[in-house]
Every structure is written in C-alpha cells, then in structure tokens.
Amino acid sequence: MKKIVYVFMLSAIIYSCKDNSKKDEIQKPSTVTLEESVENLTDSIQVKNIQIGSDTSNDKNKFHLSYPSTVYGFINKNEEEFAQSYLTEFKDAAKDVNENAVAGLDFGQHFEIIESTPSIIAFLIERYTSYGNNYNSQYFTHIYDIKEKKKLEFSTIFSPQDNFDKLAEVVK
C-alpha cells in the first residue's frame with residue numbers, strides 16, 4: 001500500500017511540474033518580429049505596411065506604419081526615408097523601455113491622399129506616439145511636383161512672401 005501511495009505522490013509531483021512549465025511558456029512574451037506587407041490603393045499608388053507587435057500578441061511595444069509607394073522614384077525615396085526615421089525612433093525608444101512598466105510604446109502612422117493630379121500628388125500623414133503615459137499626434141503634409149520631380153515646401157508654395165502674408169491675413 002505504501003508503494004502505491006509513493007507512486008501516486010511521485011506521479012502528482014511530475015504532473016504538476018509539467019503543468020507549470022506549460023504556464024511559463026504561455027506567459028512568456030512573443031519574440032518581436034518585423035512584418036512588412038503591400039496593398040494596392042489605386043492603379044498608381046500602393047500602401048506599404050510595417051508592423052511590430054499587435055493587439056493579439058503579448059508584445060508590450062507596438063508599431064504600425066503605413067506609407068505610400070508610387071510609380072515615381074523620387075516620391076518613394078522620400079516616403080521610405082520618412083518611414084524609416086520613425087521606425088528608428090521607435091527602436092531607440094524601445095531600448096529604453098523599463099520591462100516592469102505597466103504600459104509599453106504604441107507608435108502608429110497612416111496617410112491619406114489629399115490631391116492626385118497629373119502634376120501634383122499630396123499626402124496627409126498622421127503619426128500618433130504613446131510612451132505609455134502620454135499621447136502625441138503629429139500631422140505632416142507631403143506635396144510633390146511631378147513635372148519638376150521634387151517635394152514642395154510650404155515656403156516655395158507661397159513664394160514670394162507677400163503671397164503668404166495675404167493668406168495669413170485671410171486666415172486671421
């Protein structure tokens with residue numbers, strides 16, 4: 001009878017150890033992986049996506065970015081650099097995150113086409129950044145002159161200065 005009790009106790013201990021190892025596996029955060037995808041938005045513009053973490057994963061830090069890709073190399077180069085600078089900002093911030101923090105990082109960027117003609121393409125880009133305890137939104141407008149193959153700055157759009165001054169008066 002003693003042997004049966006010992007075998008039963010030994011079996012219970014071994015079984016409970018196996019269950020604890022499974023719980024540890026489930027509670028471990030998943031490895032952070034960079035996912036990239038491409039979607040067609042129009043015939044000439046695609047949406048490129050970069051994602052790290054998701055709402056369905058255990059990842060504390062999340063990054064989702066979408067940016068335009070067009071048939072124009074000069075636009076793609078600028079938009080790719082702009083996207084990569086935000087990804088670098090996220091990676092740098094993620095290095096400094098305290099692992100015991102309640103909330104992680106949440107970075108996101110999306111865009112919309114605000115103008116698309118044979119001579120101009122313009123995008124409105126929204127970025128939201130959360131470091132867990134604060135939230136910040138930023139908006140950027142990227143306007144491209146297709147004929148001149150360059151990005152337009154607001155200073156050149158309202159050139160000379162008198163044009164900008166007139167607009168400022170109307171807005172006031």
Side-chain angles (χ1 to χ4, degrees), residues 26-146 148-159 163-164 167-168 170-172:
I26 293 169
Q27 292 175 354
K28 288 180 184 174
S30 61
T31 305
V32 174
T33 57
L34 180 76
E35 297 176 24
E36 296 186 53
S37 63
V38 177
E39 305 167 28
N40 287 327
L41 187 60
T42 68
D43 290 341
S44 61
I45 300 174
Q46 293 180 326
V47 179
K48 289 197 172 184
N49 295 294
I50 300 174
Q51 181 151 338
I52 298 173
S54 70
D55 291 333
T56 59
S57 71
N58 291 335
D59 298 323
K60 185 180 281 189
N61 300 322
K62 297 172 181 65
F63 178 87
H64 181 269
L65 176 136
S66 63
Y67 64 98
S69 178
T70 70
V71 294
Y72 305 103
F74 72 100
I75 294 175
N76 297 343
K77 181 178 184 265
N78 187 68
E79 293 303 317
E80 179 76 26
E81 288 172 358
F82 190 70
Q84 289 299 319
S85 70
Y86 197 45
L87 179 58
T88 300
E89 182 182 335
F90 172 79
K91 287 179 178 179
D92 290 344
K95 290 177 191 173
D96 298 332
V97 170
N98 181 349
E99 291 187 25
N100 297 324
V102 174
L105 303 174
D106 189 9
F107 281 40
Q109 173 183 302
H110 65 272
F111 74 95
E112 64 181 84
I113 302 167
I114 55 176
E115 187 68 41
S116 181
T117 68
S119 58
I120 299 272
I121 292 181
F123 304 104
L124 176 63
I125 299 167
E126 179 185 9
R127 284 184 173 172
Y128 60 87
T129 306
S130 174
Y131 288 91
N133 60 350
N134 61 9
Y135 185 83
N136 181 28
S137 290
Q138 295 178 295
Y139 297 89
F140 303 88
T141 305
H142 294 178
I143 304 169
Y144 297 96
D145 183 330
I146 295 171
E148 297 291 323
K149 296 185 178 181
K150 67 179 184 176
K151 181 178 177 190
L152 300 175
E153 302 297 330
F154 280 108
S155 59
T156 59
I157 293 172
F158 296 107
S159 178
N163 290 342
F164 181 77
L167 175 65
V170 170
V171 171
K172 284 181 186 177

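Ring-centre distance between Y131 and F107: below the 6.0 Å cut-off.
Of the possible polar contacts, one joining the Q51 side chain to the G53 backbone as a donor-acceptor pair under 3.5 Å is found. Judged by distance alone, with hydrogens and angles left aside, the side-chain atoms of N61 form a donor-acceptor pair with the main-chain N or O of L105 at under 3.5 Å. Here the side chain of N76 pairs no donor or acceptor atom with the backbone of S69 at under 3.5 angstrom.
E80 places a side-chain heavy atom less than 4.5 Å from the side chain of Y67. When side chains are defined from C-beta on, S137 counts as touching E126, because their heavy atoms get closer than 4.5 Å. A 4.5 Å side-chain heavy-atom check between D106 and Y128 finds at least one atom pair inside the cut-off.
Among F82, F74, F123, the one residue that satisfies the ring pair (Phe, Tyr, Trp, His ring centres under 6.0 Å) test with H142 is F82. Of the listed residues (K150, E115, K151), just one forms a side-chain contact (heavy atoms from CB on, under 4.5 Å) with Y144, and that residue is K151.
One finds the CD1 atom of I114 at 10.5 Å from the CD1 atom of I120 (value rounded to the nearest 0.5 Å). The distance from the CG atom of N49 to the CD atom of Q109 is 10.5 Å, given to the nearest 0.5 Å. To the nearest 0.5 Å, atom CD of residue E153 and atom CD1 of residue I143 are 9.0 Å apart. To the nearest 0.5 angstrom, K91 atom NZ is 13.0 Å from E89 atom CD.
Minimum interatomic distance between V47 and S66 (heavy atoms only, all atoms of both residues): CG1-CB, 3.7 Å. T117 approaches I146 most closely through the heavy-atom pair O-CD1, 3.7 Å. Residues I121 and S116 share a closest heavy-atom pair of CG1-OG, 4.3 Å. Nearest heavy-atom pair across I45 and I113 is CD1-CD1, 3.5 Å. In this structure, R127 and S85 approach most closely via the heavy-atom pair NH2-OG, 4.0 Å.
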side-chain hydrogen bond (donor to acceptor under 3.5 Å, both in side chains), that's the test. Do Y86 and Q138 meet it? Break it down for me. CA-CA 12 Å; Y86 197 45; Q138 295 178 295; over 6 Å; no
